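Worksheet for the structure shown next.
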There are 2 protein chains.
Amino acid sequence: MEKKLAEALQQLKASDIRITPQRQAVLEFLINSHAHPTADDIYKGLVDKFPGMSVATVYNNLRLFTKIGFVQEMAYGDASSRFDFSSQKHYHAICESCGKIVDTYYPGLDDVETAAEQLTGFKINEHRMELYGICPDCQ
Amino acid sequence: MEKKLAEALQQLKASDIRITPQRQAVLEFLINSHAHPTADDIYKGLVDKFPGMSVATVYNNLRLFTKIGFVQEMAYGDASSRFDFSSQKHYHAICESCGKIVDTYYPGLDDVETAAEQLTGFKINEHRMELYGICPDCQ
DNA sequence: GTACCTGCAAAACGTTTGCAGACAC
DNA sequence: GTGTCTGCAAACGTTTTGCAGGTAC
(Lines give C-alpha, C1' and ligand atoms only; values in the text may rest on other atoms or scores of the structure.)
Protein backbone atom coordinates (compact mmCIF):
# COMPACT_ATOMS: atom_id res chain seq x y z
CA MET A 1 0.00 0.00 0.00
CA GLU A 2 2.72 2.42 1.02
CA LYS A 3 4.50 1.30 -2.07
CA LYS A 4 1.70 2.49 -4.31
CA LEU A 5 1.70 5.85 -2.60
CA ALA A 6 5.45 6.26 -2.95
CA GLU A 7 5.28 5.31 -6.60
CA ALA A 8 2.49 7.75 -7.20
CA LEU A 9 4.31 10.57 -5.43
CA GLN A 10 7.41 9.88 -7.47
CA GLN A 11 5.39 10.07 -10.65
CA LEU A 12 3.95 13.38 -9.53
CA LYS A 13 7.39 14.74 -8.80
CA ALA A 14 8.61 13.59 -12.20
CA SER A 15 5.72 15.45 -13.83
CA ASP A 16 6.54 18.69 -11.98
CA ILE A 17 3.34 18.55 -10.01
CA ARG A 18 3.65 19.97 -6.51
CA ILE A 19 3.08 17.66 -3.62
CA THR A 20 0.95 19.61 -1.20
CA PRO A 21 -0.27 18.05 2.04
CA GLN A 22 -3.86 18.15 0.81
CA ARG A 23 -2.98 16.59 -2.52
CA GLN A 24 -1.10 13.80 -0.84
CA ALA A 25 -3.98 13.24 1.56
CA VAL A 26 -6.51 12.91 -1.25
CA LEU A 27 -4.23 10.47 -3.03
CA GLU A 28 -3.69 8.47 0.13
CA PHE A 29 -7.40 8.35 0.79
CA LEU A 30 -8.06 7.01 -2.68
CA ILE A 31 -5.36 4.37 -2.44
CA ASN A 32 -6.47 3.15 0.96
CA SER A 33 -10.18 3.25 0.22
CA HIS A 34 -11.82 0.16 -1.15
CA ALA A 35 -15.25 1.75 -1.21
CA HIS A 36 -15.16 3.81 -4.42
CA PRO A 37 -15.67 7.10 -2.60
CA THR A 38 -17.47 10.16 -3.89
CA ALA A 39 -15.84 13.57 -3.82
CA ASP A 40 -17.87 14.33 -0.73
CA ASP A 41 -16.74 11.11 0.98
CA ILE A 42 -13.17 12.20 0.46
CA TYR A 43 -13.87 15.69 1.69
CA LYS A 44 -15.63 14.41 4.81
CA GLY A 45 -12.83 11.95 5.43
CA LEU A 46 -10.13 14.60 5.31
CA VAL A 47 -11.76 17.65 6.84
CA ASP A 48 -10.88 16.42 10.35
CA LYS A 49 -7.21 16.24 9.56
CA PHE A 50 -7.30 19.42 7.46
CA PRO A 51 -9.70 21.81 9.19
CA GLY A 52 -9.65 24.41 6.42
CA MET A 53 -10.06 21.85 3.63
CA SER A 54 -12.21 22.94 0.70
CA VAL A 55 -14.34 20.80 -1.60
CA ALA A 56 -12.81 22.73 -4.48
CA THR A 57 -9.43 21.30 -3.58
CA VAL A 58 -10.82 17.79 -3.62
CA TYR A 59 -12.35 18.35 -7.03
CA ASN A 60 -9.20 20.02 -8.33
CA ASN A 61 -7.11 17.05 -7.37
CA LEU A 62 -9.60 14.48 -8.54
CA ARG A 63 -9.62 16.12 -11.94
CA LEU A 64 -5.84 16.20 -11.99
CA PHE A 65 -5.55 12.56 -10.94
CA THR A 66 -8.09 11.55 -13.54
CA LYS A 67 -6.21 13.42 -16.25
CA ILE A 68 -2.89 11.76 -15.46
CA GLY A 69 -4.57 8.38 -15.15
CA PHE A 70 -4.25 7.72 -11.41
CA VAL A 71 -7.95 7.36 -10.89
CA GLN A 72 -11.06 6.60 -12.91
CA GLU A 73 -14.25 8.56 -12.61
CA MET A 74 -17.38 6.44 -12.47
CA ALA A 75 -20.67 8.18 -13.17
CA TYR A 76 -23.30 5.49 -12.89
CA GLY A 77 -26.77 6.89 -12.65
CA ASP A 78 -26.32 7.97 -9.05
CA ALA A 79 -26.30 11.62 -8.17
CA SER A 80 -22.57 11.95 -7.67
CA SER A 81 -19.54 10.46 -9.35
CA ARG A 82 -17.39 7.91 -7.62
CA PHE A 83 -13.64 7.66 -7.95
CA ASP A 84 -11.56 4.55 -8.23
CA PHE A 85 -7.82 4.26 -7.83
CA SER A 86 -7.38 1.77 -10.64
CA SER A 87 -4.24 -0.27 -10.24
CA GLN A 88 -5.43 -3.20 -12.27
CA LYS A 89 -8.19 -3.77 -14.77
CA HIS A 90 -11.47 -4.81 -13.25
CA TYR A 91 -15.21 -4.43 -13.59
CA HIS A 92 -17.88 -3.24 -11.22
CA ALA A 93 -20.79 -5.16 -9.79
CA ILE A 94 -23.42 -2.71 -8.61
CA CYS A 95 -26.21 -3.61 -6.22
CA GLU A 96 -29.56 -2.32 -7.47
CA SER A 97 -30.91 -2.40 -3.96
CA CYS A 98 -28.30 -0.73 -1.74
CA GLY A 99 -25.96 0.80 -4.32
CA LYS A 100 -22.88 -1.04 -3.11
CA ILE A 101 -20.13 -1.42 -5.69
CA VAL A 102 -17.86 -4.45 -5.67
CA ASP A 103 -14.87 -5.07 -7.88
CA THR A 104 -14.91 -8.15 -10.02
CA TYR A 105 -12.44 -9.63 -12.47
CA TYR A 106 -12.84 -11.38 -15.78
CA PRO A 107 -10.13 -12.06 -18.27
CA GLY A 108 -10.06 -11.94 -22.02
CA LEU A 109 -12.59 -9.41 -23.11
CA ASP A 110 -10.16 -7.73 -25.44
CA ASP A 111 -11.71 -9.28 -28.50
CA VAL A 112 -14.79 -7.20 -27.79
CA GLU A 113 -12.69 -4.15 -28.52
CA THR A 114 -11.46 -5.41 -31.87
CA ALA A 115 -14.98 -6.50 -32.77
CA ALA A 116 -16.30 -3.06 -31.94
CA GLU A 117 -13.55 -1.43 -33.97
CA GLN A 118 -14.62 -3.38 -37.03
CA LEU A 119 -18.27 -2.60 -36.47
CA THR A 120 -18.01 1.09 -35.74
CA GLY A 121 -14.75 2.24 -37.27
CA PHE A 122 -13.74 3.58 -33.86
CA LYS A 123 -10.19 3.26 -32.60
CA ILE A 124 -10.97 1.76 -29.18
CA ASN A 125 -8.67 2.57 -26.28
CA GLU A 126 -10.42 0.94 -23.37
CA HIS A 127 -13.70 -0.47 -22.19
CA ARG A 128 -15.65 -0.55 -18.98
CA MET A 129 -18.38 -2.84 -17.82
CA GLU A 130 -20.91 -2.71 -15.06
CA LEU A 131 -22.90 -5.68 -13.82
CA TYR A 132 -26.21 -4.87 -12.17
CA GLY A 133 -27.84 -7.15 -9.68
CA ILE A 134 -28.51 -7.83 -6.02
CA CYS A 135 -25.65 -8.22 -3.56
CA PRO A 136 -25.47 -11.06 -1.02
CA ASP A 137 -26.52 -8.79 1.85
CA CYS A 138 -29.66 -7.65 0.08
CA GLN A 139 -30.78 -11.00 -1.27
CA MET B 1 -41.20 2.28 -36.02
CA GLU B 2 -44.94 2.89 -35.65
CA LYS B 3 -45.14 -0.68 -34.54
CA LYS B 4 -42.86 -0.04 -31.59
CA LEU B 5 -44.90 2.95 -30.56
CA ALA B 6 -48.15 1.04 -30.75
CA GLU B 7 -46.68 -1.80 -28.73
CA ALA B 8 -45.40 0.60 -26.12
CA LEU B 9 -48.73 2.39 -25.86
CA GLN B 10 -50.49 -0.90 -25.45
CA GLN B 11 -48.14 -1.85 -22.65
CA LEU B 12 -48.81 1.46 -20.95
CA LYS B 13 -52.54 0.92 -21.21
CA ALA B 14 -52.18 -2.56 -19.80
CA SER B 15 -50.28 -1.12 -16.83
CA ASP B 16 -53.00 1.46 -16.14
CA ILE B 17 -50.72 4.32 -17.04
CA ARG B 18 -52.47 7.24 -18.64
CA ILE B 19 -51.58 8.14 -22.17
CA THR B 20 -51.33 11.91 -22.19
CA PRO B 21 -50.32 13.79 -25.32
CA GLN B 22 -47.05 14.87 -23.70
CA ARG B 23 -46.24 11.36 -22.53
CA GLN B 24 -46.86 9.95 -25.97
CA ALA B 25 -44.74 12.70 -27.52
CA VAL B 26 -41.79 11.96 -25.23
CA LEU B 27 -42.08 8.27 -26.03
CA GLU B 28 -42.31 8.95 -29.75
CA PHE B 29 -39.28 11.21 -29.60
CA LEU B 30 -37.25 8.52 -27.86
CA ILE B 31 -38.29 5.82 -30.31
CA ASN B 32 -37.54 7.93 -33.37
CA SER B 33 -34.30 9.38 -32.07
CA HIS B 34 -31.09 7.57 -32.81
CA ALA B 35 -28.96 10.16 -31.08
CA HIS B 36 -29.29 9.19 -27.40
CA PRO B 37 -30.92 12.48 -26.43
CA THR B 38 -30.61 14.29 -23.13
CA ALA B 39 -33.67 15.43 -21.21
CA ASP B 40 -33.07 18.91 -22.55
CA ASP B 41 -32.85 17.63 -26.14
CA ILE B 42 -36.26 16.08 -25.71
CA TYR B 43 -37.68 19.19 -24.12
CA LYS B 44 -36.32 21.42 -26.90
CA GLY B 45 -37.61 19.01 -29.52
CA LEU B 46 -41.13 19.03 -28.15
CA VAL B 47 -41.65 22.56 -26.91
CA ASP B 48 -42.61 23.73 -30.40
CA LYS B 49 -45.43 21.23 -30.66
CA PHE B 50 -46.39 21.67 -26.99
CA PRO B 51 -45.96 25.37 -26.18
CA GLY B 52 -46.62 24.99 -22.46
CA MET B 53 -44.39 21.95 -22.09
CA SER B 54 -42.41 21.75 -18.86
CA VAL B 55 -39.03 20.15 -18.25
CA ALA B 56 -40.53 18.56 -15.17
CA THR B 57 -42.89 16.62 -17.39
CA VAL B 58 -40.00 15.35 -19.48
CA TYR B 59 -38.18 14.21 -16.35
CA ASN B 60 -41.33 12.69 -14.87
CA ASN B 61 -41.87 10.59 -17.95
CA LEU B 62 -38.24 9.64 -18.38
CA ARG B 63 -38.23 8.36 -14.82
CA LEU B 64 -41.43 6.44 -15.44
CA PHE B 65 -40.14 4.94 -18.69
CA THR B 66 -36.89 3.98 -17.01
CA LYS B 67 -38.75 2.29 -14.17
CA ILE B 68 -40.92 0.18 -16.47
CA GLY B 69 -37.91 -0.64 -18.63
CA PHE B 70 -38.76 1.26 -21.83
CA VAL B 71 -35.58 3.28 -21.74
CA GLN B 72 -32.15 3.12 -20.20
CA GLU B 73 -30.50 6.04 -18.51
CA MET B 74 -26.86 6.54 -19.42
CA ALA B 75 -24.80 8.74 -17.13
CA TYR B 76 -21.34 8.71 -18.60
CA GLY B 77 -19.23 11.44 -17.10
CA ASP B 78 -20.91 14.19 -19.11
CA ALA B 79 -22.92 16.85 -17.37
CA SER B 80 -26.32 15.44 -18.27
CA SER B 81 -27.75 11.96 -18.61
CA ARG B 82 -28.70 10.55 -21.97
CA PHE B 83 -31.65 8.28 -22.59
CA ASP B 84 -31.82 5.30 -24.86
CA PHE B 85 -34.92 3.49 -26.06
CA SER B 86 -33.47 0.00 -25.78
CA SER B 87 -35.24 -2.45 -28.00
CA GLN B 88 -32.39 -4.90 -28.23
CA LYS B 89 -29.26 -5.50 -26.23
CA HIS B 90 -26.31 -3.46 -27.36
CA TYR B 91 -23.26 -1.63 -26.10
CA HIS B 92 -22.06 1.91 -26.53
CA ALA B 93 -18.93 3.15 -28.23
CA ILE B 94 -18.13 6.62 -26.95
CA CYS B 95 -15.78 9.01 -28.72
CA GLU B 96 -13.33 10.55 -26.27
CA SER B 97 -12.84 13.49 -28.60
CA CYS B 98 -16.31 14.64 -29.65
CA GLY B 99 -18.53 12.70 -27.24
CA LYS B 100 -20.51 10.95 -29.95
CA ILE B 101 -22.16 7.70 -28.87
CA VAL B 102 -22.61 4.86 -31.34
CA ASP B 103 -24.41 1.60 -30.75
CA THR B 104 -22.47 -1.59 -31.23
CA TYR B 105 -23.34 -5.23 -30.90
CA TYR B 106 -21.47 -8.24 -29.59
CA PRO B 107 -22.95 -11.60 -28.77
CA GLY B 108 -22.25 -14.05 -26.03
CA LEU B 109 -21.15 -12.05 -23.05
CA ASP B 110 -23.59 -13.78 -20.76
CA ASP B 111 -20.92 -15.98 -19.24
CA VAL B 112 -19.42 -12.84 -17.75
CA GLU B 113 -22.54 -12.57 -15.65
CA THR B 114 -22.31 -16.09 -14.30
CA ALA B 115 -18.60 -15.63 -13.65
CA ALA B 116 -19.30 -12.46 -11.72
CA GLU B 117 -22.02 -14.18 -9.74
CA GLN B 118 -19.56 -16.80 -8.58
CA LEU B 119 -16.93 -14.24 -7.73
CA THR B 120 -19.08 -11.74 -5.90
CA GLY B 121 -22.11 -13.66 -4.68
CA PHE B 122 -24.31 -11.12 -6.47
CA LYS B 123 -27.44 -12.20 -8.32
CA ILE B 124 -26.72 -10.44 -11.62
CA ASN B 125 -29.65 -9.17 -13.68
CA GLU B 126 -27.97 -7.32 -16.49
CA HIS B 127 -24.74 -5.77 -17.59
CA ARG B 128 -23.68 -2.76 -19.58
CA MET B 129 -20.48 -1.99 -21.36
CA GLU B 130 -18.96 1.13 -22.78
CA LEU B 131 -16.08 1.20 -25.22
CA TYR B 132 -13.99 4.36 -25.21
CA GLY B 133 -12.00 5.47 -28.22
CA ILE B 134 -11.84 7.82 -31.18
CA CYS B 135 -14.59 7.84 -33.78
CA PRO B 136 -13.88 7.76 -37.52
CA ASP B 137 -14.66 11.48 -37.91
CA CYS B 138 -12.16 12.48 -35.23
CA GLN B 139 -9.33 10.19 -36.21
C1' DG C 1 -65.81 12.08 -10.32
C1' DT C 2 -61.31 10.82 -9.15
C1' DA C 3 -56.79 9.90 -9.25
C1' DC C 4 -53.14 10.96 -11.86
C1' DC C 5 -50.66 14.18 -14.66
C1' DT C 6 -49.06 18.72 -16.06
C1' DG C 7 -46.93 23.31 -15.62
C1' DC C 8 -44.78 26.57 -12.96
C1' DA C 9 -41.43 28.26 -9.90
C1' DA C 10 -38.38 27.59 -6.43
C1' DA C 11 -35.12 24.70 -4.38
C1' DA C 12 -31.69 21.15 -4.06
C1' DC C 13 -27.74 19.02 -5.47
C1' DG C 14 -23.11 18.15 -7.25
C1' DT C 15 -19.67 20.54 -9.50
C1' DT C 16 -17.12 24.57 -11.36
C1' DT C 17 -15.26 29.12 -11.24
C1' DG C 18 -12.90 33.67 -9.89
C1' DC C 19 -10.09 35.65 -6.96
C1' DA C 20 -6.91 36.77 -3.14
C1' DG C 21 -3.71 34.97 -0.23
C1' DA C 22 -0.48 31.06 0.91
C1' DC C 23 3.06 27.91 0.12
C1' DA C 24 6.08 24.22 -2.44
C1' DC C 25 9.88 24.41 -4.89
C1' DG D 1 10.89 34.74 -5.71
C1' DT D 2 7.67 32.57 -8.76
C1' DG D 3 4.07 30.06 -10.29
C1' DT D 4 1.00 26.91 -8.63
C1' DC D 5 -2.26 25.48 -5.18
C1' DT D 6 -5.57 26.39 -1.64
C1' DG D 7 -9.82 28.18 0.54
C1' DC D 8 -13.77 30.75 0.23
C1' DA D 9 -18.02 32.02 -1.71
C1' DA D 10 -20.72 32.71 -5.41
C1' DA D 11 -22.33 30.80 -9.77
C1' DC D 12 -23.62 27.22 -12.79
C1' DG D 13 -26.41 23.47 -15.00
C1' DT D 14 -29.09 19.53 -14.21
C1' DT D 15 -32.58 17.42 -11.77
C1' DT D 16 -36.15 17.35 -8.11
C1' DT D 17 -39.90 19.09 -5.49
C1' DG D 18 -44.48 21.25 -3.87
C1' DC D 19 -48.50 22.75 -5.14
C1' DA D 20 -52.58 24.26 -7.75
C1' DG D 21 -55.14 23.45 -11.65
C1' DG D 22 -56.31 20.34 -15.53
C1' DT D 23 -57.44 16.13 -17.91
C1' DA D 24 -57.64 10.97 -19.18
C1' DC D 25 -60.28 7.48 -17.94
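Below, chains carry the letters A, B, ... as their sequence lines are ordered, and counting in each starts from 1. Bear in mind that the values here come from a model prediction, so they are computed numbers and not experimental data. Heavy atoms only: backbone and side chains are in, while hydrogens, waters and symmetry mates are out.
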(request) Indicate, with a heavy-atom threshold strictly under 4.0 Å, whether A/N61 touches base, sugar-phosphate, or nothing. (result) sugar-phosphate
(request) Indicate, with yes or no, if B/L30 and B/L12 share a hydrophobic cluster defined by side-chain heavy-atom contacts under 4.5 Å among Ile, Leu, Val, Met, Phe, Trp and Tyr. (result) yes
(message) Please pick, from D/dC25, C/dT15, C/dA24, the nucleotide with the shortest atom-to-atom distance to any side-chain atom of B/R18.
(response) D/dC25
(message) D/dG7, OP1 or OP2 - any side-chain N/O from A/T57 closer than 4.0 Å?
(response) yes
(request) State which residue, out of A/H34, A/H36, A/Q88, fulfils the side chain to side chain donor-acceptor pair (under 3.5 Å) condition with A/D103. (result) A/H36
(request) To the nearest Å, give me how far apart CZ (A/F83) and P (C/dG14) are. (result) 13 Å
(request) Using a cut-off of strictly less than 4.0 Å, decide whether A/T20 has a side-chain nitrogen or oxygen near OP1 or OP2 of D/dT6. (result) yes
(request) Establish, with yes or no, whether the OP1 or OP2 oxygen of C/dT15 is under 4.0 angstrom from a side-chain nitrogen or oxygen of A/Y59. (result) yes
(request) Please report, rounded to the nearest Å, how far the P atom of D/dT14 is from the CG atom of B/N60. (result) 18 Å
(request) Taking the side chain as every heavy atom from C-beta outward, state whether A/I42 and A/N61 have any pair of such atoms under 4.5 Å apart. (result) no
(request) Would you please confirm or rule out a distance under 4.0 Å between OP1 or OP2 of C/dA24 and any side-chain N or O of A/R23? (result) no
(request) In whole angstrom, give the distance that lies between atom CD1 of B/I17 and atom C1' of D/dT23. (result) 17 Å
(request) Return the value, rounded to whole Å, for the distance between atom CZ of B/F50 and atom P of C/dG7. (result) 9 Å
(message) Regarding B/S81, tell me which of base, sugar-phosphate or nothing describes its non-hydrogen contacts under 4.0 Å with the strands shown.
(response) sugar-phosphate
(message) What's the closest nucleotide to the side chain of A/A56 if the choices are D/dC8, C/dT15, D/dT17?
(response) D/dC8
(request) Verify whether the ring centers belonging to A/Y132 and A/H92 lie closer than 6.0 Å. (result) no
(message) On the nucleotide D/dG7, are OP1 or OP2 found under 4.0 Å from the side-chain N or O atoms that A/Q22 carries?
(response) yes
(request) Rounded off to whole Å, could you give me the OH-to-P distance for the B/Y43 and C/dG7 pair? (result) 9 Å
(request) Look at the side-chain N and O atoms of A/R63 and state whether any lies under 4.0 Å from the OP1 or OP2 oxygen of C/dT17. (result) yes
(message) Please determine whether residues B/F122 and A/Y91 belong to a single hydrophobic cluster, defined as Ile, Leu, Val, Met, Phe, Trp and Tyr linked transitively by side-chain heavy-atom distances below 4.5 Å.
(response) yes
(message) Rounded to whole Å, please give me the gap between CG in A/L46 and P in D/dC5.
(response) 18 Å
(message) Check this for me: does any side-chain nitrogen of one of A/R128 and A/D84 sit under 4.0 Å from a carboxylate oxygen of the other?
(response) no
(request) Report the nucleotide, chosen from D/dG7, D/dC25, D/dT15, that has the shortest atom-to-atom distance to any side-chain atom of B/I19. (result) D/dC25
(message) If you assign B/T38 and A/G52 each to the DNA chain D nucleotide with the nearest heavy atom, which residue ends up on the more 5' nucleotide?
(response) A/G52
(request) Send over the distance from B/Q24 CD to C/dC5 C1', rounded to a whole Å. (result) 15 Å
(request) Would you mind reading off the distance between A/D16 atom CG and C/dA24 atom C1', rounded to a whole angstrom? (result) 12 Å
(message) Let's see if you can work this out: which of D/dT14, C/dA24, D/dC5 has an atom nearest to the side-chain heavy atoms of A/P21?
(response) C/dA24
